[in-house]
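As structure tokens, the structure follows; a few thoughts come after it.
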Amino acid sequence: MPIQLLPPNPNGMKIAIDLLHRGKCIALPTETVYGLAADPLSDSAVNATFEAKQRPINHPLIVHIPNQEHLHFWAEDIPDDAFAIADKFWPGPLTLLLRKHKGCHTLATGGLDTIALRMPAHPIFLEVLNSFGKGLAAPSANPYKRLSPTSAEHVVTGLGDNIPAVLDGGDCHYGLESTILDLTNTPYRILRAGPITASDIMTCINKSVMEPAYFTDRVPGNVSAHYQPESFLKELKKENISDVLTNFKIGKAAVMSFSEDVFSLFVDTCYGATHLRKMPRQATEYGKVLFSVMHELDKFQTTAIYIELPPKTEGWQAVHNRISRALSL
Ligand code: TXA
Ligand code: MG
């Protein structure tokens with residue numbers, strides 16, 4: 001069956017909710033990226049999600065909940081800080097890692113005794129959650145290790161007929177996945193950089209929050225090769241610029257650049273309009289379009305996409321994290 005593109009109206013929502021009740025996994029918009037949602041209490045629905053993404057079943061999924069009260073169903077030993085943080089940042093782009101409730105069975109945690117929970121802010125996702133009533137397991141709606149989708153079109157391109165439907169909510173607001181904050185041990189740790197920064201959390205609870213650049217223990221989802229476009233992604237450096245320019249002129253390279261001087265070097269060539277993307281100079285705006293620009297440039301099937309690395313200051317951490325894992329090793 002070809003994938004159905006559902007409109008964001010009561011009829012589209014009804015079809016989406018019916019499919020979820022029938023144990024199917026379907027793509028829904030969130031404010032970060034599109035998620036592949038399924039009933040976390042149905043083994044077959046969760047398995048269908050892993051299968052559609054070709055994701056290993058020990059690689060856990062985030063469970064999305066419609067409000068804070070649901071925390072008690074999924075988690076136990078919840079620190080008070082979790083509620084203070086949820087008060088401040090939910091609904092929103094922040095996932096909390098907590099101890100899984102021993103009484104609750106879900107395959108979504110990949111066998112771990114911890115659970116990742118998030119209350120998303122997207123009105124469509126929230127409405128589906130409220131109507132479904134049980135929470136929804138939802139990884140990003142892309143094939144394993146590929147770029148996350150920030151539009152319904154990206155979902156169709158990536159997962160195509162592996163899934164029955166995608167509810168079209170337009171472009172995602174943030175364009176990058178949620179921050180993941182581990183509250184299972186102190187000091188608390190950011191496991192994945194995202195729109196909410198360590199400083200935002202520290203200001204909220206007045207405690208230090210670690211943000212390790214590298215993990216000594218294996219944190220699922222922090223595998224180095226992730227978020228990859230089809231083309232090779234390479235760093236645009238001063239020393240390789242003349243080579244890149246030569247390949248760019250014959251249509252074999254694409255470029256993502258934000259400094260005026262670098263951008264203008266490429267702008268006059270015949271491929272300028274199609275193979276060159278001017279990136280925003282502001283971190284949130286950059287994050288919003290990062291994946292969609294890579295999705296777009298991927299269509300040209302060039303030998304490589306060259307990317308000029310943005311500054312390394314705190315606001316840019318989430319962007320750097322995604323670029324460093326998208327770069328070809
Ligand atoms: O913004 C987002 O978080 C999106 C939208 C759809 O909500 N979801 C998302 O899910 O990015 P996913 O599955 O692509 O990434 C979730 C990450 C994975 O890297 C997974 O390993 C990690 O969360 N994760 C989930 N449960 C975990 C757990 N119990 N312990 C450690 N990591 C966990
Ligand atoms: Mg993902």
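A quick note: this is a predicted structure, and the numbers were derived from the prediction, not measured. Just so you know, ligand 1 is whichever comes first in the structure, and atom 1 is the first atom listed for that ligand.
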Inset, instruction - Would you please say whether a donor-acceptor pair under 3.5 Å links the side chains of T150 and D171? - result: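 T150 vs D171: no donor-acceptor pair found between side chains.
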Legend entry - Check: T95/S178 side-chain N/O donor and acceptor closer than 3.5 Å: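 Yes - a donor-acceptor pair under 3.5 Å links their side chains.
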Which atoms from ligand 1 have a heavy atom of [X] less than 4.0 Å away?
{"X": "E177", "answer": "1 (O), 2 (C), 11 (O)"}
{"X": "T114", "answer": "28 (C), 29 (N), 30 (N)"}
{"X": "L97", "answer": "27 (C), 28 (C), 29 (N), 30 (N)"}
{"X": "S178", "answer": "1 (O), 2 (C), 3 (O)"}
{"X": "L112", "answer": "28 (C), 29 (N), 30 (N)"}
{"X": "P139", "answer": "10 (O), 12 (P), 13 (O)"}
{"X": "I180", "answer": "17 (C), 22 (C), 23 (O)"}
{"X": "I62", "answer": "3 (O), 8 (N), 9 (C), 10 (O), 16 (C)"}

Legend entry - Residue part near ligand 1, for R55, under 4.0 Å between non-hydrogen atoms: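 Near ligand 1, R55 shows its side chain, while the N, CA, C and O stay back.
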Inset, instruction - Indicate if the distance from the Mg ion (ligand 2) to the nearest N, O or S atom of N142 falls below 2.8 Å. - result: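 No, N142 does not qualify, because none of its backbone or side-chain N, O or S atoms lies under 2.8 Å.
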Inset, instruction - Taking only Lys NZ, Arg NE, NH1 and NH2, and the carboxylate oxygens of Asp or Glu, determine whether D18 and K14 approach each other closer than 4.0 Å. - result: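 Salt bridge: yes.
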Inset, instruction - Examine ligand 1 and decide if any of its atoms is less than 4.0 Å from a heavy atom belonging to H64. - result: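 H64 counts as a contact of ligand 1 under the 4.0 Å cut-off.
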Inset, instruction - Consider ligand 1: state whether an atom of it lies below 4.0 angstrom from any non-hydrogen atom of P120. - result: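 The answer is no, since P120 has no heavy atom less than 4.0 Å from ligand 1.
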Inset, instruction - Say whether T30, considering both its backbone and side-chain N or O atoms, lies within less than 3.5 Å of an N or O atom on ligand 1. - result: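 By distance alone, the answer is no.
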[X] (side chain) donor-acceptor with [Y] (main chain) under 3.5 angstrom:
{"X": "H173", "Y": "E31", "value": "no"}
{"X": "S328", "Y": "F232", "value": "no"}
{"X": "Q54", "Y": "P143", "value": "no"}

Inset, instruction - Spell out, yes or no, whether L167 and L136 are grouped together once hydrophobic residues are joined by side-chain heavy atoms under 4.5 Å, including indirect joins. - result: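 Yes, because L167 and L136 connect within a single hydrophobic cluster, where side-chain heavy atoms sit under 4.5 Å apart.
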Legend entry - Sole candidate of R192, R325, R322, R118 that passes salt bridge (charged side-chain N to carboxylate O under 4.0 Å, His left out) when paired with E177: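 When salt bridge (charged side-chain N to carboxylate O under 4.0 Å, His left out) is applied between E177 and each of R192, R325, R322, R118, only R322 qualifies.
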Inset, instruction - Name the option, out of P149, A138, G35, that contains the heavy atom nearest to atom 8 (N) of ligand 1. - result: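 Heavy atom nearest to atom 8 (N) of ligand 1 belongs to A138.
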Inset, instruction - State whether the number of non-hydrogen atoms from other residues, nucleotides or ligands found under 6.0 Å of I250 atom CD1 is greater than 12. - result: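 Yes, CD1 of I250 has more than 12 neighbouring heavy atoms, counting only those of other groups under 6.0 Å.
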